[in-house]
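For reference, the structure is listed below as structure tokens.
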Amino acid sequence: MNYISQLSEAVKLYTEKVILPSDPLYPLWNRENFIFRKQPKWNYIDSCMINAVLNFYELNRDERLLNFAIGFTSAYVDENGGIPTMNPSDFNLDSINGGKNMLALYRLTGNERWLKAADKLADLLVSQPRLKCGNFWHKAIYPRQIWLDGSYMAFPFMAEYAGISENSVICEDALSQLRTIRRLMCDNKTGLYYHGYDETRTMKWADPKTGLSHEFWLRSMGWLCASMADLCEILPNNLEIPKMLFELLKALTSYTAQDGTLLQLPAYPDLPGNYPETSGTLLFAYSALKLYRLRKANKEIKNAGEKALSAVIEKYIVFEKDRIPVLKNICLMAGLDNNRIGSAEYYLSESVTENDAKGIAPLIMAYTELMKGGCIYE
């Protein structure tokens, strides 16, 4: 069985055995909820999965997927577009991630409920605290900090919402913040991006001179890649974002292992305990394949993305007959605070899990891009 057949089989089994059977309040893919016994609430992890489901639906038009996405989201969004389990005072950019799904559901169904929810999320961003440079705080509990993760959670939604609301200022705001991330957080020597930036330069993880965290964490760069890839599609006439994304993808290809995967800490190939991390590798693959499909990258980038995807399928997914596939080597979570100090040792100490949405969703997203790019849908 070649890797595309294996990939198709994995996506089919995840659809039938993980996605469609999931209870909206206790989805099978949210490992954090199970491990930490969290109460069900609006969160970015589930939003990532529903985004993948909707992307897949637009490829294969399986009405079960659309109906599932509607039912799942309805468990968190009321008829007036309110999201009762989301606390606005958290000022949490992660909460904005689901806005992309609201716009997709509105486009697919015409139901005003979803547009109202998008309006409410956009309104939250109006009061989101900002650093002096103009960028959003990542969360209220992380004041005056930029995390790369936030670029994926907020910017594509802002750009798409700007088109629907006919308010170009929102889109320009997102692009300005992206430029600032490039200016502040990109390392000129490697082309890689640091995970975080602290304007106050007081956090234990922040360099006292630059305010930057000390390491390049793979998944944070994966989120940034995916953000720019989605922006390339939303803003097809923009020339700046494809260039920025191409530069980052090109930089990351310099750190791919021989099999095409990327490490949890890409810049340290010889560091004991460093490992191929699948969620970040799949976000890289998704972004590379999408940029190529949009005709904004060459075959070198496309080949790097496909090689990364095939390596994950062949080496890091375990298939057992008629059972749920097991996607391995997913970093459960990582962050920056005065306990999580952003050292190499810290990133390698975080738990590694299986079959979490942070890996499964990018797998489906990458598969969808591969199919859209010309492969025969199986």
Side-chain angles (χ1 to χ4, degrees), residues 93 130-138 142 144-156 158-159 172-201 203 205-232 235 238-256 262-269 277 279-281 283-288 290-291 296-298 300-301 304-305 308 334-336 342-344 347:
L93 284 188
R130 295 178 184 252
L131 289 76
K132 291 178 182 178
C133 64
N135 282 47
F136 294 138
W137 292 11
H138 188 61
Y142 303 128
R144 300 171 71 179
Q145 297 172 31
I146 303 171
W147 292 16
L148 293 183
D149 318 34
S151 64
Y152 180 74
M153 306 304 160
F155 297 165
M158 292 169 69
E172 286 304 316
D173 184 8
L175 297 181
S176 176
Q177 293 192 50
L178 190 59
R179 293 185 198 106
T180 299
I181 287 174
R182 171 68 179 81
R183 176 173 59 84
L184 292 175
M185 301 175 73
C186 181
D187 176 57
N188 291 329
K189 292 181 181 179
T190 63
L192 303 180
Y193 283 68
Y194 294 97
H195 183 186
Y197 169 75
D198 170 27
E199 184 178 61
T200 71
R201 293 159 169 75
M203 299 299 292
W205 54 261
D207 183 286
K209 292 183 179 179
T210 66
L212 293 166
S213 56
H214 295 287
E215 303 298 346
F216 309 116
W217 178 42
L218 176 60
R219 189 159 70 224
S220 69
M221 289 185 284
W223 291 130
L224 179 60
C225 285
S227 172
M228 291 191 285
D230 289 352
L231 286 168
C232 286
L235 305 171
N238 182 284
L239 301 178
E240 182 181 16
I241 304 167
K243 182 176 183 294
M244 287 178 61
L245 176 54
F246 181 85
E247 289 173 350
L248 177 51
L249 292 171
K250 184 72 173 175
L252 284 166
T253 60
S254 301
Y255 293 92
T256 53
L262 285 152
L263 300 176
Q264 168 82 333
L265 295 172
Y268 299 129
E277 202 283 323
S279 69
T281 296
L283 287 167
F284 165 80
Y286 164 74
S287 304
K290 187 163 195 168
L291 195 64
K296 298 178 186 295
N298 56 26
E300 180 185 1
I301 291 298
L336 296 165
S343 63
Y347 285 108

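Count residues from 1 along the sequence.
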> Between the main-chain N or O of E172 and the side-chain N or O of S176, is there a donor-acceptor pair closer than 3.5 Å?
Replying inline: no
> Do you know the tightest heavy-atom contact between L184 and C133?
Replying inline: CD1-SG, 4.2 Å
> Name the one of W147, W137, W205, F136 that satisfies ring-ring contact (aromatic ring centres under 6.0 Å, His included) with Y142?
Replying inline: W147
>> How long is the straight-line distance from CD of Q177 back to CG of N135, given to the nearest 0.5 Å?
In response: 4.5 Å
>> Distance check, rounded to the nearest 0.5 Å: D198 atom CG versus L336 atom CG?
In response: 9.5 Å
> Given the rule in the side-chain contact (heavy atoms from CB on, under 4.5 Å) test, do D207 and Y194 qualify, once you have shown the distances and angles that lead to the verdict?
Replying inline: CA-CA 11 Å; D207 183 286; Y194 294 97; over 6 Å; no
>> Holding to side-chain contact (heavy atoms from CB on, under 4.5 Å), I want the full list of residues that pass it with L265, two or more places apart in sequence or in another chain.
In response: E215, Y268, L271, N274, A344, Y347, L348
> What heavy-atom pair brings L262 and P266 nearest, and what distance separates the two atoms?
Replying inline: CD2-CB, 4.5 Å
> Can you tell me how far CE of M153 sits from NE2 of H138, rounded to the nearest 0.5 angstrom?
Replying inline: 7.0 Å
>> According to side-chain contact (heavy atoms from CB on, under 4.5 Å), who are the partners of K132, at least two apart in sequence or on a separate chain?
In response: R144, E199
> Side chains of L263 and L218: does their closest heavy-atom pair fall under 4.5 Å?
Replying inline: no
> Is M244 close to I181 at the side-chain level, that is, under 4.5 Å between some pair of heavy atoms?
Replying inline: no
> Taking only residues two or more places apart in sequence or in another chain, which ones pass side-chain contact (heavy atoms from CB on, under 4.5 Å) with S254?
Replying inline: none
>> Tell me if a side-chain donor or acceptor on S220 pairs with a main-chain N or O of H195 at a distance below 3.5 Å.
In response: no
Report, one line per pair, each donor and acceptor closer than 3.5 Å where one atom sits in a side chain of residues 221-230; sequence neighbours left out.
from	atom 1	to	atom 2	distance (Å)
S227	OG	S151	O	2.9
D230	OD1	Y286	OH	2.4
D230	OD1	K290	NZ	2.9

> What residues form a side-chain contact (heavy atoms from CB on, under 4.5 Å) with S279, not counting sequence neighbours?
Replying inline: R219, E277, I330
> According to the salt bridge (charged side-chain N to carboxylate O under 4.0 Å, His left out) rule, which pairs have a member within residues 181-191, sequence neighbours left out?
Replying inline: R182-E247
>> Quick check on the 6.0 Å ring-centre criterion: do Y193 and F216 meet it?
In response: no
